[in-house]
Amino acid sequence: MFQYEHVTAGHLDMLKEIGNIGAGHAATALSEMLGKTIDMNVPSVRVVPFNHICDAVGGDEEPVTAVFLRIEGDAPGSMYFMMPAAEGSRLIGQLLNDSGIDFLSNEPNAMGRSALNEVGNILAGAYLSSLSDFTALNLKPTPPALAVDMAMAVLSFGLIEISKAGDYAIVIDTEISETGSDNALRTKGHFFLLPDPDSLEAVFHSLGVNENG
Amino acid sequence: MRMDKLVKVGMADLNTAKVPQTIRTSGLGSCIGVVVYDERLKLSAMAHIMLPDSTYARSGVINRAKYADTAVADLIGLLEADGALRSRLKAKIAGGAQMFQFSSSNEAMRIGPRNAEAVKDVLASFRVELVHEDTGGGSGRTIEFNPATSVLNIRTVNKGVVEV
(Lines give C-alpha, C1' and ligand atoms only; values in the text may rest on other atoms or scores of the structure.)
Protein backbone atom coordinates (compact mmCIF):
# COMPACT_ATOMS: atom_id res chain seq x y z
CA MET A 1 0.00 0.00 0.00
CA PHE A 2 1.13 3.49 -0.82
CA GLN A 3 2.19 5.43 2.27
CA TYR A 4 1.08 9.05 2.51
CA GLU A 5 4.41 9.91 4.13
CA HIS A 6 6.07 9.01 0.85
CA VAL A 7 4.16 11.50 -1.25
CA THR A 8 6.64 13.67 -3.15
CA ALA A 9 6.31 16.99 -4.96
CA GLY A 10 6.25 14.99 -8.22
CA HIS A 11 3.27 12.97 -6.99
CA LEU A 12 1.41 16.08 -5.91
CA ASP A 13 1.96 17.71 -9.31
CA MET A 14 0.56 14.64 -10.99
CA LEU A 15 -2.53 14.69 -8.74
CA LYS A 16 -2.97 18.42 -9.45
CA GLU A 17 -3.00 17.61 -13.12
CA ILE A 18 -5.75 15.09 -12.43
CA GLY A 19 -7.78 17.79 -10.67
CA ASN A 20 -7.15 20.14 -13.59
CA ILE A 21 -8.22 17.75 -16.28
CA GLY A 22 -11.21 16.32 -14.45
CA ALA A 23 -12.67 19.54 -13.13
CA GLY A 24 -11.84 21.33 -16.39
CA HIS A 25 -14.13 19.01 -18.31
CA ALA A 26 -16.79 19.26 -15.60
CA ALA A 27 -16.61 23.07 -15.68
CA THR A 28 -17.12 23.00 -19.45
CA ALA A 29 -20.16 20.76 -18.98
CA LEU A 30 -21.61 23.14 -16.36
CA SER A 31 -20.87 26.13 -18.52
CA GLU A 32 -22.86 24.58 -21.39
CA MET A 33 -25.71 23.71 -19.05
CA LEU A 34 -26.00 27.26 -17.70
CA GLY A 35 -24.93 29.14 -20.82
CA LYS A 36 -22.46 31.04 -18.65
CA THR A 37 -18.72 31.25 -18.19
CA ILE A 38 -17.40 29.02 -15.43
CA ASP A 39 -13.93 29.65 -14.06
CA MET A 40 -11.75 27.13 -12.35
CA ASN A 41 -8.97 27.73 -9.87
CA VAL A 42 -5.70 25.85 -9.64
CA PRO A 43 -6.48 22.54 -7.93
CA SER A 44 -5.16 22.02 -4.45
CA VAL A 45 -3.88 18.62 -3.46
CA ARG A 46 -3.35 18.10 0.22
CA VAL A 47 -2.72 15.31 2.65
CA VAL A 48 -5.29 16.36 5.25
CA PRO A 49 -5.94 15.05 8.75
CA PHE A 50 -9.63 14.14 9.06
CA ASN A 51 -10.24 17.04 11.43
CA HIS A 52 -9.34 19.60 8.78
CA ILE A 53 -11.15 18.00 5.89
CA CYS A 54 -13.99 20.57 5.97
CA ASP A 55 -11.82 23.68 6.13
CA ALA A 56 -12.18 24.35 2.39
CA VAL A 57 -15.98 24.42 2.57
CA GLY A 58 -16.39 26.66 5.59
CA GLY A 59 -16.11 24.28 8.54
CA ASP A 60 -17.57 21.10 10.00
CA GLU A 61 -21.10 22.37 10.46
CA GLU A 62 -21.48 24.43 7.29
CA PRO A 63 -24.70 23.38 5.51
CA VAL A 64 -23.84 22.11 2.04
CA THR A 65 -25.47 20.38 -0.90
CA ALA A 66 -23.46 17.31 -1.73
CA VAL A 67 -23.69 14.84 -4.58
CA PHE A 68 -21.73 11.73 -3.70
CA LEU A 69 -20.65 8.82 -5.78
CA ARG A 70 -18.26 5.96 -5.40
CA ILE A 71 -15.71 5.30 -8.11
CA GLU A 72 -15.37 1.65 -8.97
CA GLY A 73 -12.82 -0.05 -11.18
CA ASP A 74 -9.02 0.12 -11.29
CA ALA A 75 -8.65 2.97 -8.77
CA PRO A 76 -11.59 3.04 -6.35
CA GLY A 77 -12.38 6.16 -4.38
CA SER A 78 -15.08 8.60 -3.39
CA MET A 79 -16.14 11.73 -5.16
CA TYR A 80 -18.19 14.73 -4.10
CA PHE A 81 -19.56 17.77 -5.86
CA MET A 82 -20.25 20.12 -2.99
CA MET A 83 -21.62 23.64 -2.69
CA PRO A 84 -22.67 25.85 0.22
CA ALA A 85 -26.41 25.13 0.52
CA ALA A 86 -27.43 28.65 -0.51
CA GLU A 87 -25.27 28.41 -3.66
CA GLY A 88 -26.64 24.99 -4.54
CA SER A 89 -30.18 26.34 -4.19
CA ARG A 90 -29.38 29.27 -6.45
CA LEU A 91 -27.71 27.13 -9.10
CA ILE A 92 -30.68 24.80 -9.37
CA GLY A 93 -33.06 27.77 -9.19
CA GLN A 94 -31.33 29.17 -12.28
CA LEU A 95 -31.50 25.90 -14.14
CA LEU A 96 -35.18 25.31 -13.39
CA ASN A 97 -36.08 28.97 -13.61
CA ASP A 98 -37.59 28.80 -10.12
CA SER A 99 -36.26 31.34 -7.64
CA GLY A 100 -38.15 29.68 -4.78
CA ILE A 101 -35.80 26.71 -4.48
CA ASP A 102 -34.24 26.46 -1.04
CA PHE A 103 -32.68 23.15 -0.09
CA LEU A 104 -32.46 24.19 3.53
CA SER A 105 -36.21 24.56 3.91
CA ASN A 106 -38.22 21.56 4.99
CA GLU A 107 -40.22 21.52 1.75
CA PRO A 108 -39.86 18.17 -0.05
CA ASN A 109 -38.82 19.79 -3.38
CA ALA A 110 -38.47 16.55 -5.36
CA MET A 111 -37.90 18.40 -8.63
CA GLY A 112 -35.04 20.51 -7.28
CA ARG A 113 -33.37 17.52 -5.63
CA SER A 114 -33.64 15.45 -8.75
CA ALA A 115 -32.15 18.30 -10.83
CA LEU A 116 -29.27 18.71 -8.39
CA ASN A 117 -28.60 14.99 -8.44
CA GLU A 118 -28.54 15.04 -12.23
CA VAL A 119 -26.21 18.05 -12.36
CA GLY A 120 -23.85 16.25 -9.99
CA ASN A 121 -24.10 13.14 -12.11
CA ILE A 122 -23.23 14.97 -15.33
CA LEU A 123 -20.35 16.89 -13.78
CA ALA A 124 -18.89 13.86 -12.05
CA GLY A 125 -19.30 11.85 -15.24
CA ALA A 126 -17.38 14.51 -17.20
CA TYR A 127 -14.70 14.59 -14.51
CA LEU A 128 -14.26 10.84 -14.41
CA SER A 129 -14.37 10.09 -18.11
CA SER A 130 -11.61 12.63 -18.80
CA LEU A 131 -9.66 11.19 -15.91
CA SER A 132 -10.16 7.72 -17.24
CA ASP A 133 -8.87 8.80 -20.68
CA PHE A 134 -5.84 10.52 -19.15
CA THR A 135 -4.80 7.64 -16.92
CA ALA A 136 -5.99 4.76 -19.12
CA LEU A 137 -7.60 3.36 -15.98
CA ASN A 138 -11.06 1.89 -15.93
CA LEU A 139 -13.09 4.17 -13.62
CA LYS A 140 -16.83 3.73 -13.28
CA PRO A 141 -19.09 5.95 -11.18
CA THR A 142 -21.91 4.43 -9.11
CA PRO A 143 -25.28 6.18 -9.43
CA PRO A 144 -25.10 9.47 -7.52
CA ALA A 145 -26.73 10.12 -4.15
CA LEU A 146 -27.67 13.47 -2.68
CA ALA A 147 -27.53 14.98 0.79
CA VAL A 148 -28.10 18.47 2.14
CA ASP A 149 -26.50 18.64 5.57
CA MET A 150 -23.44 19.57 7.63
CA ALA A 151 -20.20 19.33 5.61
CA MET A 152 -18.50 16.98 8.06
CA ALA A 153 -21.51 14.66 8.27
CA VAL A 154 -21.58 14.16 4.50
CA LEU A 155 -17.80 14.06 3.93
CA SER A 156 -17.12 11.55 6.70
CA PHE A 157 -19.05 8.94 4.75
CA GLY A 158 -16.47 9.13 1.97
CA LEU A 159 -13.69 8.63 4.53
CA ILE A 160 -14.87 5.24 5.78
CA GLU A 161 -12.66 3.20 3.44
CA ILE A 162 -9.70 5.53 4.00
CA SER A 163 -10.16 5.48 7.77
CA LYS A 164 -9.37 1.76 7.89
CA ALA A 165 -5.80 2.64 6.87
CA GLY A 166 -5.14 5.87 8.75
CA ASP A 167 -6.34 9.28 9.89
CA TYR A 168 -5.31 11.22 6.80
CA ALA A 169 -6.86 11.61 3.38
CA ILE A 170 -5.43 12.80 0.10
CA VAL A 171 -7.89 15.44 -1.06
CA ILE A 172 -7.83 16.63 -4.64
CA ASP A 173 -9.95 19.76 -4.41
CA THR A 174 -10.85 21.94 -7.38
CA GLU A 175 -13.03 24.98 -6.95
CA ILE A 176 -15.18 26.22 -9.78
CA SER A 177 -17.04 29.51 -9.82
CA GLU A 178 -19.27 31.60 -11.98
CA THR A 179 -18.37 35.25 -12.30
CA GLY A 180 -21.27 37.56 -13.07
CA SER A 181 -21.20 40.47 -15.50
CA ASP A 182 -20.70 42.84 -12.53
CA ASN A 183 -17.63 40.77 -11.60
CA ALA A 184 -19.32 39.54 -8.42
CA LEU A 185 -18.67 35.94 -7.52
CA ARG A 186 -21.84 33.97 -8.12
CA THR A 187 -21.64 30.26 -7.66
CA LYS A 188 -18.83 28.40 -5.98
CA GLY A 189 -18.59 24.64 -6.02
CA HIS A 190 -15.99 22.10 -4.99
CA PHE A 191 -15.02 18.80 -6.51
CA PHE A 192 -13.48 16.53 -3.93
CA LEU A 193 -11.74 13.41 -5.10
CA LEU A 194 -10.76 11.07 -2.27
CA PRO A 195 -8.78 8.11 -3.63
CA ASP A 196 -8.83 4.93 -1.53
CA PRO A 197 -5.36 4.24 -0.11
CA ASP A 198 -4.58 1.44 -2.58
CA SER A 199 -5.65 3.52 -5.57
CA LEU A 200 -2.76 5.98 -5.49
CA GLU A 201 -0.35 3.28 -6.47
CA ALA A 202 -2.52 2.32 -9.44
CA VAL A 203 -2.79 5.93 -10.58
CA PHE A 204 0.92 6.65 -10.29
CA HIS A 205 1.81 3.39 -11.94
CA SER A 206 -0.41 3.97 -14.93
CA LEU A 207 1.03 7.48 -15.36
CA GLY A 208 4.58 6.14 -15.22
CA VAL A 209 5.50 7.83 -11.96
CA ASN A 210 7.42 5.60 -9.61
CA GLU A 211 7.26 5.37 -5.87
CA ASN A 212 9.99 8.01 -5.52
CA GLY A 213 8.15 10.57 -7.61
CA MET B 1 -4.12 25.41 35.35
CA ARG B 2 -6.58 27.23 33.12
CA MET B 3 -9.22 25.04 31.56
CA ASP B 4 -11.03 25.74 28.33
CA LYS B 5 -14.75 25.98 28.98
CA LEU B 6 -15.56 23.97 25.87
CA VAL B 7 -13.69 20.74 25.11
CA LYS B 8 -13.83 19.81 21.43
CA VAL B 9 -13.68 16.25 20.20
CA GLY B 10 -12.72 15.79 16.53
CA MET B 11 -13.50 12.93 14.19
CA ALA B 12 -11.85 9.71 15.43
CA ASP B 13 -10.92 11.49 18.64
CA LEU B 14 -11.85 11.36 22.34
CA ASN B 15 -11.51 13.56 25.40
CA THR B 16 -12.82 14.19 28.91
CA ALA B 17 -14.62 17.13 30.54
CA LYS B 18 -15.54 17.99 34.11
CA VAL B 19 -17.57 20.83 35.62
CA PRO B 20 -17.60 23.69 34.60
CA GLN B 21 -16.58 22.40 31.17
CA THR B 22 -18.86 21.12 28.44
CA ILE B 23 -17.78 18.69 25.73
CA ARG B 24 -18.80 18.76 22.10
CA THR B 25 -18.35 17.01 18.78
CA SER B 26 -19.71 18.31 15.49
CA GLY B 27 -20.90 16.96 12.16
CA LEU B 28 -21.73 13.37 13.10
CA GLY B 29 -23.01 11.56 10.02
CA SER B 30 -22.62 7.79 10.01
CA CYS B 31 -20.22 8.26 12.94
CA ILE B 32 -21.42 7.93 16.54
CA GLY B 33 -20.89 10.38 19.35
CA VAL B 34 -20.83 8.48 22.62
CA VAL B 35 -20.66 10.15 26.01
CA VAL B 36 -20.04 8.17 29.19
CA TYR B 37 -20.46 9.98 32.50
CA ASP B 38 -20.52 9.70 36.27
CA GLU B 39 -23.42 11.81 37.52
CA ARG B 40 -22.24 12.01 41.10
CA LEU B 41 -18.68 13.20 40.33
CA LYS B 42 -19.89 15.21 37.32
CA LEU B 43 -17.22 13.68 35.11
CA SER B 44 -17.71 12.90 31.44
CA ALA B 45 -15.82 11.49 28.48
CA MET B 46 -16.79 11.60 24.81
CA ALA B 47 -15.64 9.83 21.65
CA HIS B 48 -16.44 10.38 17.95
CA ILE B 49 -16.18 6.90 16.49
CA MET B 50 -16.12 6.03 12.78
CA LEU B 51 -16.07 2.23 12.61
CA PRO B 52 -17.72 -0.62 14.56
CA ASP B 53 -14.68 -2.65 15.45
CA SER B 54 -10.88 -2.35 15.64
CA THR B 55 -10.53 -5.52 13.54
CA TYR B 56 -11.30 -3.23 10.57
CA ALA B 57 -7.91 -1.58 11.03
CA ARG B 58 -5.40 -2.31 8.31
CA SER B 59 -2.30 -0.81 9.87
CA GLY B 60 -0.33 -1.93 12.89
CA VAL B 61 -0.71 1.08 15.17
CA ILE B 62 -4.36 1.92 15.54
CA ASN B 63 -6.10 5.08 16.65
CA ARG B 64 -8.22 3.63 19.46
CA ALA B 65 -10.64 6.57 19.39
CA LYS B 66 -11.84 5.54 15.94
CA TYR B 67 -13.45 2.19 16.78
CA ALA B 68 -16.44 1.44 19.00
CA ASP B 69 -14.77 -1.35 21.00
CA THR B 70 -11.49 0.40 21.81
CA ALA B 71 -12.97 3.91 22.20
CA VAL B 72 -15.61 2.89 24.74
CA ALA B 73 -13.04 0.89 26.72
CA ASP B 74 -10.79 3.97 26.82
CA LEU B 75 -13.61 6.31 27.87
CA ILE B 76 -14.38 4.04 30.80
CA GLY B 77 -10.69 3.73 31.66
CA LEU B 78 -10.22 7.52 31.68
CA LEU B 79 -13.24 8.06 33.92
CA GLU B 80 -12.14 5.34 36.34
CA ALA B 81 -8.68 6.89 36.48
CA ASP B 82 -10.40 10.09 37.64
CA GLY B 83 -12.20 8.22 40.40
CA ALA B 84 -15.46 7.30 38.67
CA LEU B 85 -17.16 4.05 39.68
CA ARG B 86 -17.89 1.59 36.90
CA SER B 87 -21.26 0.71 38.41
CA ARG B 88 -22.34 4.37 38.35
CA LEU B 89 -21.45 5.04 34.72
CA LYS B 90 -24.18 5.92 32.26
CA ALA B 91 -24.09 6.68 28.54
CA LYS B 92 -25.88 8.68 25.88
CA ILE B 93 -25.27 8.20 22.17
CA ALA B 94 -26.19 10.02 18.95
CA GLY B 95 -25.37 9.67 15.26
CA GLY B 96 -25.26 6.62 13.03
CA ALA B 97 -27.29 8.25 10.27
CA GLN B 98 -27.51 7.14 6.67
CA MET B 99 -26.55 10.38 5.00
CA PHE B 100 -27.15 9.08 1.48
CA GLN B 101 -29.92 6.87 0.12
CA PHE B 102 -28.64 4.50 -2.53
CA SER B 103 -30.62 2.47 -5.01
CA SER B 104 -28.30 -0.50 -4.53
CA SER B 105 -28.27 -2.11 -1.10
CA ASN B 106 -24.54 -2.37 -0.59
CA GLU B 107 -23.64 -3.51 2.92
CA ALA B 108 -20.85 -0.91 3.15
CA MET B 109 -23.46 1.81 2.75
CA ARG B 110 -25.11 0.74 6.02
CA ILE B 111 -22.17 1.79 8.15
CA GLY B 112 -24.28 4.15 10.34
CA PRO B 113 -26.69 1.52 11.72
CA ARG B 114 -23.79 -0.92 12.17
CA ASN B 115 -21.88 1.66 14.19
CA ALA B 116 -24.92 2.19 16.42
CA GLU B 117 -25.35 -1.54 17.04
CA ALA B 118 -21.66 -1.93 17.84
CA VAL B 119 -21.58 0.93 20.36
CA LYS B 120 -24.65 -0.46 22.14
CA ASP B 121 -23.13 -3.94 22.28
CA VAL B 122 -19.87 -2.65 23.76
CA LEU B 123 -21.67 -0.49 26.36
CA ALA B 124 -23.75 -3.52 27.34
CA SER B 125 -20.66 -5.70 27.63
CA PHE B 126 -19.22 -3.19 30.14
CA ARG B 127 -22.63 -3.02 31.89
CA VAL B 128 -22.88 0.73 31.28
CA GLU B 129 -26.51 1.82 31.27
CA LEU B 130 -27.60 3.47 28.01
CA VAL B 131 -29.85 6.32 29.14
CA HIS B 132 -30.62 7.88 25.79
CA GLU B 133 -30.12 6.99 22.14
CA ASP B 134 -30.73 9.25 19.16
CA THR B 135 -29.42 7.20 16.25
CA GLY B 136 -30.35 6.44 12.66
CA GLY B 137 -32.37 8.67 10.37
CA GLY B 138 -30.82 10.72 7.61
CA SER B 139 -29.57 13.85 9.36
CA GLY B 140 -26.16 14.97 10.54
CA ARG B 141 -25.88 15.87 14.23
CA THR B 142 -23.76 18.07 16.47
CA ILE B 143 -23.82 17.16 20.15
CA GLU B 144 -22.73 18.88 23.34
CA PHE B 145 -22.80 17.37 26.81
CA ASN B 146 -22.85 19.24 30.09
CA PRO B 147 -21.53 17.12 32.98
CA ALA B 148 -23.09 19.54 35.52
CA THR B 149 -26.61 18.61 34.41
CA SER B 150 -26.00 15.36 32.43
CA VAL B 151 -27.96 16.99 29.59
CA LEU B 152 -27.02 16.16 26.01
CA ASN B 153 -27.81 18.85 23.48
CA ILE B 154 -28.40 17.53 19.94
CA ARG B 155 -28.51 19.88 16.96
CA THR B 156 -29.50 19.06 13.37
CA VAL B 157 -29.65 21.33 10.32
CA ASN B 158 -33.37 20.92 9.73
CA LYS B 159 -34.93 20.04 13.04
CA GLY B 160 -33.25 22.51 15.39
CA VAL B 161 -32.05 21.58 18.87
CA VAL B 162 -33.30 18.95 21.32
CA GLU B 163 -32.08 18.35 24.85
CA VAL B 164 -32.08 14.86 26.29
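Just so it is clear: chains get the letters A, B, ... in the order the sequence lines come, proteins before strands, and each one is counted from 1. Only heavy atoms go into these numbers, but all of them, side chains included; no hydrogens, no water, no symmetry mates.
- Summarising the local packing, NE2 of His205(A) is surrounded by 12 or fewer heavy atoms from other residues, nucleotides or ligands at distances under 6.0 Å.
- Heavy atoms closer than 4.5 Å to chain A are found in both the backbone and the side chain of Arg155(B).
- Only the backbone of Leu28(B) has a heavy atom closer than 4.5 Å to any heavy atom of chain A.
- The heavy-atom pair separating Val154(A) from Phe100(B) by the smallest distance is O-CE1, 3.8 Å.
- Contacts with chain B were tallied for Ala147(A), Ala151(A), Pro144(A); Ala147(A) has the most, counting heavy-atom pairs under 4.5 Å.
- Using modelled atom types, no side-chain atom of Asn63(B) and backbone atom of Gly166(A) make a donor-acceptor pair closer than 3.5 Å.
- Among the candidates Gly10(B), Cys31(B), Gly138(B), the residue making the largest number of heavy-atom pairs closer than 4.5 Å to chain A is Gly10(B).
- The shortest heavy-atom contact between Met50(B) and Ile160(A) is O-CD1, 3.8 Å.
- For CG of Asn138(A), the number of neighbouring non-hydrogen atoms (other residues, nucleotides, ligands) closer than 6.0 Å is greater than 12.
- Nearest approach of Ser163(A) to Tyr67(B), heavy atoms of both residues: O-OH, 4.0 Å.
- Both the backbone and the side chain of Asp167(A) come within less than 4.5 Å of a heavy atom of chain B.
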- Query: Are Arg58(B) and Asp198(A) close enough, and set up right, to give a side chain to side chain contact (heavy atoms under 4.5 Å, CB included), and what steps lead you there?
  - Reply: CA-CA 12 Å; Arg58(B) 292 174 44 179; Asp198(A) 291 336; 3.2 Å; yes
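- No side-chain heavy atom of Phe68(A) sits under 4.5 Å from any side-chain heavy atom of Met99(B).
- Each of Asn158(B), Thr156(B), Val157(B) was compared with Asp149(A) under the side chain to side chain contact (heavy atoms under 4.5 Å, CB included) criterion, and only Val157(B) meets it.
- Under a 3.5 Å cut-off, the side chain of Lys66(B) and the backbone N or O of Lys164(A) do not form any donor-acceptor pair.
- Residue-environment remark: CD (Glu107(A)) stays at or below the threshold of 12 foreign heavy atoms within 6.0 Å.
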- Derivation of the salt bridge (charged side-chain N to carboxylate O under 4.0 Å, His left out) call for Lys8(B) and Asp60(A): CA-CA 12 Å; Lys8(B) 287 184 181 161; Asp60(A) 297 349; over 6 Å; no
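- Residue Leu104(A) touches chain B through both its backbone and its side chain, counting heavy-atom pairs closer than 4.5 Å.
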